[in-house]
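Encoded as structure tokens, the structure appears first; notes follow it.
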Amino acid sequence: MTDLALVKTVNGRGLRNDWAQLIGRTVEVWHLGAHVTTGVVEQAADDNSVLWIAASGPFTRRLFDRSTGYQIWA
């Protein structure tokens with residue numbers, strides 16, 4: 001079994017569980033092993049349950065919920 005703390009994305013990012021600490025950082029959002037988006041964290045819940053990726057270009061602000069299986073890599 002792979003230790004996720006040692007796994008990195010192509011861009012050198014690692015899995016993060018401290019979502020509330022990522023405000024202002026560029027992150028990758030993954031779901032079920034597939035890359036969903038890359039963006040800047042605009043806001044995050046203090047309990048690390050959800051975060052919002054800031055709007056960028058034609059894309060609106062997006063909400064991601066940990067309980068539905070989203071992972072954040074930074």
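Nearest approach of Gly39 to Ile53, heavy atoms of both residues: CA-CG2, 3.7 Å. Nearest heavy-atom pair across Leu15 and Gln71 is CD1-CB, 3.7 Å. Between Glu28 and Thr38, the shortest heavy-atom distance links the atoms CG-OG1, 3.7 Å.
For Asp47, the side-chain contact (heavy atoms from CB on, under 4.5 Å) criterion is met by Ala45, Ser49, not counting sequence neighbours. With sequence neighbours excluded, the residues forming a side-chain contact (heavy atoms from CB on, under 4.5 Å) with Val40 are Thr26, listed by chain and number.
Within the 4.5 Å cutoff, side-chain heavy atoms of Ile72 are placed close to those of Val29. Two residues are said to be in side-chain contact when any heavy atoms from C-beta on lie closer than 4.5 Å; Thr37 and Phe64 meet this criterion.
In the displayed structure, Asp46 atom CG is contacted under 6.0 Å by at most 12 heavy atoms of other residues, nucleotides or ligands.
No side-chain donor from either of Arg16 and Gln21 sits under 3.5 Å from a side-chain acceptor of the other.
Summarising the geometry, atom OH belonging to Tyr70 is positioned 6.5 Å from atom CZ belonging to Arg62; distances are rounded to the nearest 0.5 Å.
Both Val36 and Trp19 belong to a single network of hydrophobic side chains, linked directly or stepwise wherever heavy atoms of I, L, V, M, F, W or Y lie under 4.5 Å apart. No continuous path of hydrophobic side-chain contacts links Leu51 to Phe59 [ILVMFWY only; heavy atoms under 4.5 Å].
Cluster partners of Val50, using a side-chain heavy-atom cutoff of under 4.5 Å among ILVMFWY residues and allowing indirect links, are Trp52, Leu63.
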